[in-house]
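We're numbering straight along the sequence, starting at 1. Model, not experiment: these values are computed from the prediction. Note that these values count all heavy atoms, side chains included, but never hydrogens, waters or copies made by symmetry.
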Amino acid sequence: YYHFDITLDVRGTASLYQSTVYLYKNGSSLGYGSKKSDEVPHWISFSTLEPANGTSDYFEVYVYSSLTSPSYEESSDGDCTFSAHWARSL
């Protein structure tokens, strides 16, 4: 099993919007974190523990936002992060 953490600092312009981060394994959706807000910027976080064989399984992250011209801050202080670590055997 692998533990995944995803955090995004979402920026853009809108009066009310929704942003969602999705985690996929081998092309299939595993889950998501979502936030509906009228405040910019805002944070979206998602964590999960998922089985993985460690060789052929692959993971992807996709982001959707209804913001006008959304951006996702990336800087040395870790505003946008995607991390995974081995937690225990299958």
Side-chain angles (χ1 to χ4, degrees):
Y1 283 81
Y2 284 80
H3 182 259
F4 292 87
D5 284 309
I6 304 161
T7 303
L8 293 175
D9 178 4
V10 183
R11 298 168 187 259
T13 57
S15 56
L16 180 63
Y17 58 89
Q18 183 166 341
S19 297
T20 306
V21 59
Y22 299 90
L23 179 64
Y24 280 73
K25 175 185 173 186
N26 301 330
S28 297
S29 178
L30 292 175
Y32 64 91
S34 186
K35 184 169 186 175
K36 186 178 261 187
S37 181
D38 61 355
E39 296 178 12
V40 178
H42 72 271
W43 292 90
I44 304 172
S45 295
F46 177 68
S47 296
T48 186
L49 185 65
E50 297 295 336
N53 62 25
T55 55
S56 61
D57 287 334
Y58 66 94
F59 294 86
E60 300 169 290
V61 174
Y62 293 93
V63 179
Y64 164 80
S65 181
S66 63
L67 283 165
T68 303
S69 302
S71 66
Y72 310 97
E73 291 296 311
E74 182 178 354
S75 65
S76 60
D77 61 355
D79 291 344
C80 290
T81 61
F82 173 70
S83 63
H85 66 274
W86 179 79
R88 66 179 180 92
S89 299
L90 289 174

- Message: So which atom in Gly33 and which in Ile44 form the shortest heavy-atom distance, rounded to 0.1 Å?
- Response: O-CG2, 3.6 Å
- Query: Honestly curious: do Trp86 and Phe82 fall in one hydrophobic cluster under the side-chain, below-4.5 Å linking rule?
  - Reply: yes
- Query: To the nearest 0.5 Å, what is the distance between OG1 (Thr20) and NZ (Lys35)?
  - Reply: 12.0 Å
- Item | Nearest atoms (heavy-atom pairs only) where Ala52 meets Asp57 | CA-OD2, 3.2 Å
- Message: How long is the straight-line distance from CG of Asp5 back to OG1 of Thr48, given to the nearest 0.5 Å?
- Response: 9.5 Å
- Would you give the length of the straight line joining atom OG of Ser34 to atom OH of Tyr22, rounded to the nearest 0.5 angstrom? 6.5 Å
- Assign the ring pair Tyr24 / Tyr62 to parallel, tilted or perpendicular, where the plane angle (0 to 90°) is split at 30° and 60°. perpendicular
- Item | Nearest non-hydrogen partners of Phe46 and Gly31, listed with the distance | CZ-C, 3.6 Å
- Residues passing the ring pair (Phe, Tyr, Trp, His ring centres under 6.0 Å) test with Phe59, sequence neighbours excluded, are Phe4
- Say you draw a straight line from OH of Tyr32 to CG of Leu23; how long is it, rounded to the nearest 0.5 Å? 13.5 Å
- Query: Do you know the tightest heavy-atom contact between His3 and Ser47?
  - Reply: NE2-CB, 4.2 Å
- Item | Derivation of the side chain to side chain contact (heavy atoms under 4.5 Å, CB included) call for Val21 and Val61 | CA-CA 7 Å; Val21 59; Val61 174; 3.5 Å; yes
